[in-house]
Amino acid sequence: MLLQQTRVAQAVPYFERFTRRFPTLRSLAQASQEEVLKVWEGAGYYARARHLHQAAVLIAKEQGGRIPSTVPELERLPGVGPYIARAIASQAFGVAVPALESNGLRIVARWTREAHDVRVPKVRATLEAVLSRELPVSRPGAYNEAVMELGETICTLRAPRCRECPVSSLCATYRAGVDPETLPKRAPKPRRPLVRTSVIVLHHRGGILLQRRPPRGLLGGLWELPGAERRKGELPEQAVRRELREEIGITVGKVRFRGVVRHSYSHFHVELRILEGDVAGSPPPLAGHRRWVSPRELTRLPLPRATTRVLETIRMAGTRRRPSGERTDRAQRAADRSHP
DNA sequence: AAGCCGGGGTA
DNA sequence: TACCCAGGCTT
């Protein structure tokens with residue numbers, strides 16, 4: 001589930017961290033969602049973590065801890081769709097079903113010169129039927145993995161190495177002399193709009209104000225800095241003052257500009273102009289999804305990457321230098337990759 | 001069927 | 001900058 005829309009190399013450090021903290025299904029089932037999100041932090045697509053947690057709770061409670069072994073049962077689990085259900089069934093339980101993800105879809109689309117979008121269910125079913133005929137009943141899991149491996153090393157999206165391909169004789173695209181890079185066909189994606197926002201690091205009694213996002217949707221359940229989308233012609237400071245006054249009843253004192261962070265999500269870009277300041281007067285009591293968070297508590301809350309980057313920017317502005325020994329996120333991930 | 005959902009490597 | 005990655009869920 002972690003590998004969903006995530007490259008293997010990118011997932012490895014998160015996999016290590018997650019399985020170290022939750023080595024068993026039961027340990028995952030017993031954890032709070034907030035801690036699960038914290039351990040998942042940075043991996044993205046946070047619904048995957050919520051679903052995996054829900055699935056663990058469900059299996060521990062209703063199945064006596066036994067993971068289902070058939071495709072229909074697996075597909076009923078939250079976060080488990082057609083691919084993951086078939087991958088688990090074939091690889092963990094030896095069920096003879098093809099498991100097609102994007103590598104497999106690409107390969108079979110090229111083998112058959114499939115002219116339509118391979119993500120359309122009807123087309124997808126056709127490709128699955130083709131692969132079902134090739135799939136050896138004795139080792140379906142190994143076969144499914146081999147198809148992915150072929151897609152990763154030989155039949156790549158760009159610059160495929162047909163000369164090295166062990167099954168080019170089976171490939172209709174290769175035999176016809178058609179450029180394999182023209183397949184599979186995919187619908188173009190709409191381009192991502194830019195959203196201009198301003199956020200504030202608002203200090204009060206040794207803490208800063210954070211708010212938890214709604215339990216579903218973008219970054220669901222994660223904690224972030226308060227802020228607002230800037231309206232046309234509106235200054236960053238005006239947007240933040242308006243939002244905190246109208247939504248929380250807080251009057252913001254003098255603020256200072258601390259820099260800009262740009263971040264990209266799956267379907268839009270965002271620009272965060274960073275402000276820092278204090279509360280004017282005494283703030284009202286906060287609702288449950290808002291808290292004054294001490295530096296110590298901050299280490300336990302799940303934060304989106306953009307928020308982490310904003311806080312890092314503030315720390316650098318405050319200290320002028322990074323304390324020796326501390327690594328940036330990027331440097332830390334690079335270190336994780338070279339010393340897994 | 002189409003849109004939503006993160007983050008990062010790569011060309 | 002645009003594209004894509006061991007997809008699934010919601011509308």
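First the proteins, then the strands, lettered A, B, ... as listed; each starts at 1. Please read these numbers as outputs of a predicted model, since none were measured by experiment.
- The distance from atom CZ of A/Arg192 to atom C1' of C/dC3 is 8 Å, rounded to the nearest whole Å.
- In this structure, a donor-acceptor pair under 3.5 Å is present between the side chains of A/Thr70 and A/Glu73.
- Residue A/His51 places no side-chain N or O under 4.0 Å from the OP1 or OP2 atom of C/dC9.
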Stepwise, does the side chain to side chain contact (heavy atoms under 4.5 Å, CB included) test hold for A/Leu222 with A/Leu37? CA-CA 7 Å; A/Leu222 275 68; A/Leu37 287 172; 4.2 Å; yes

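- Listed by first then second residue, pairs satisfying salt bridge (Lys or Arg N to Asp or Glu O under 4.0 Å) with a partner in residues 285-301 of chain A read A/Arg291-A/Glu297, not counting sequence neighbours.
- For the contact set between residues 120-141 of chain A and DNA chain B, defined by any heavy atom under 4.0 Å, the members are A/Val120, A/Pro121.
- Note on A/Ala187: nothing from the nucleic acid sits closer than 4.0 angstrom, heavy atoms only.
- With both ends at atom P, the span from B/dG9 to C/dG8 equals 24 Å, rounded to whole Å.
- With hydrogens and angles left out, the side chain of A/Arg48 and the base of B/dC5 share no donor-acceptor pair within 3.5 Å.
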Pair A/Lys38-A/Glu34, salt bridge (charged side-chain N to carboxylate O under 4.0 Å, His left out): steps then yes or no: CA-CA 6 Å; A/Lys38 182 63 183 178; A/Glu34 186 144 284; over 6 Å; no

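- As rounded to whole Å, 12 Å separates atom P of C/dC5 from atom CD of A/Glu152.
- Set against B/dC4, C/dC5, B/dG7, the side chain of A/His267 has B/dC4 as its closest nucleotide.
- When the C1' atom of B/dG6 is taken as reference, atom CG of A/Leu272 falls 14 Å away, rounded to whole Å.
- To the nearest angstrom, P of B/dA11 lies 12 Å from CD of A/Glu181.
- Side-chain N/O atoms of A/Tyr45 include none lying less than 4.0 angstrom from OP1 or OP2 on C/dC5.
- If you check distances only, the side chain of A/Gln4 never reaches the base of C/dG8 with a donor-acceptor pair under 3.5 Å.
- Using a 4.0 Å cut-off between charged nitrogen and carboxylate oxygen, A/Arg242 and A/Glu247 do not count as a salt-bridge pair.
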Below 3.5 Å, can you tabulate the donor-acceptor pairs from side chains in residues 213-221 of chain A to any protein atom, sequence neighbours excluded?
{"residue": "A/Arg213", "atom": "NE", "partner": "A/Leu218", "partner atom": "O", "Å": "2.8"}
{"residue": "A/Arg213", "atom": "NH1", "partner": "A/Glu224", "partner atom": "OE1", "Å": "3.3"}
{"residue": "A/Arg213", "atom": "NH1", "partner": "A/Glu224", "partner atom": "OE2", "Å": "3.1"}
{"residue": "A/Arg213", "atom": "NH2", "partner": "A/Leu218", "partner atom": "O", "Å": "3.1"}

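- Within 4.0 Å of A/Gly42, counting heavy atoms only, lie sugar-phosphate atoms of the nucleic acid but no base atom.
- The aromatic rings of A/Trp40 and A/Phe18 lie perpendicular to each other, with more than 60° between the two planes, well past the 30° mark.
- Under 3.5 Å, the side chain of A/Thr6 and the base of B/dG6 form at least one donor-acceptor pair of N or O atoms.
- For DNA chain B, no neighbouring residue in residues 71-98 of chain A is found when judged by any heavy atom under 4.0 Å.
- The side chain of A/Leu219 lies closest to B/dG6 when the candidates are B/dG6, B/dA11, C/dA2.
- B/dG3 and C/dC3: their P atoms are spaced 15 Å apart (whole Å).
- Between the C1' atom of B/dC5 and the CG atom of A/Leu222 lies a distance of 13 Å, rounded to the nearest Å.
- Using a 4.0 Å cut-off, no side-chain N or O of A/Gln5 falls inside it from OP1 or OP2 of C/dC5.
- Ring-centre distance between A/His263 and A/Tyr265: below the 6.0 Å cut-off.
- Closest approach of A/Leu225 to A/Ile200, counting heavy atoms only: CD2-O, 3.8 Å.
- The side chain of A/Arg305 places an N or O atom within less than 4.0 Å of a non-bridging phosphate oxygen (OP1 or OP2) of B/dG8.
- For the residue pair A/Trp111/A/Glu134, the side-chain donor-acceptor check at 3.5 Å is not satisfied.
- For the pair A/Arg186 and B/dA2, the criterion of a side-chain N or O lying under 4.0 Å from OP1 or OP2 is not met.
- Of the residues in residues 99-115 of chain A, A/Glu101, A/Ser102, A/Asn103, A/Arg106 come within less than 4.0 Å of DNA chain C through at least one heavy atom, sorted by number.
- Residue pairs meeting the side-chain hydrogen bond (donor to acceptor under 3.5 Å, both in side chains) criterion with at least one member in residues 179-203 of chain A, sequence neighbours excluded, are A/His203-A/Glu276.
- Counting only N and O atoms by type, the side chains of A/His116 and A/Glu114 include a donor and acceptor under 3.5 Å apart.
- The nearest whole Å value for the distance from the CG atom in A/Leu52 to the P atom in C/dG8 is 13 Å.
- Between A/Met1 atom CE and B/dC5 atom P the separation is 18 Å, expressed in whole Å.
- In this structure, A/Leu157 atom CG and C/dC3 atom P are separated by 12 Å, rounded to whole Å.
- Of all heavy-atom pairs between A/Phe268 and A/Val270, the closest is CE1-CB, 4.1 Å.
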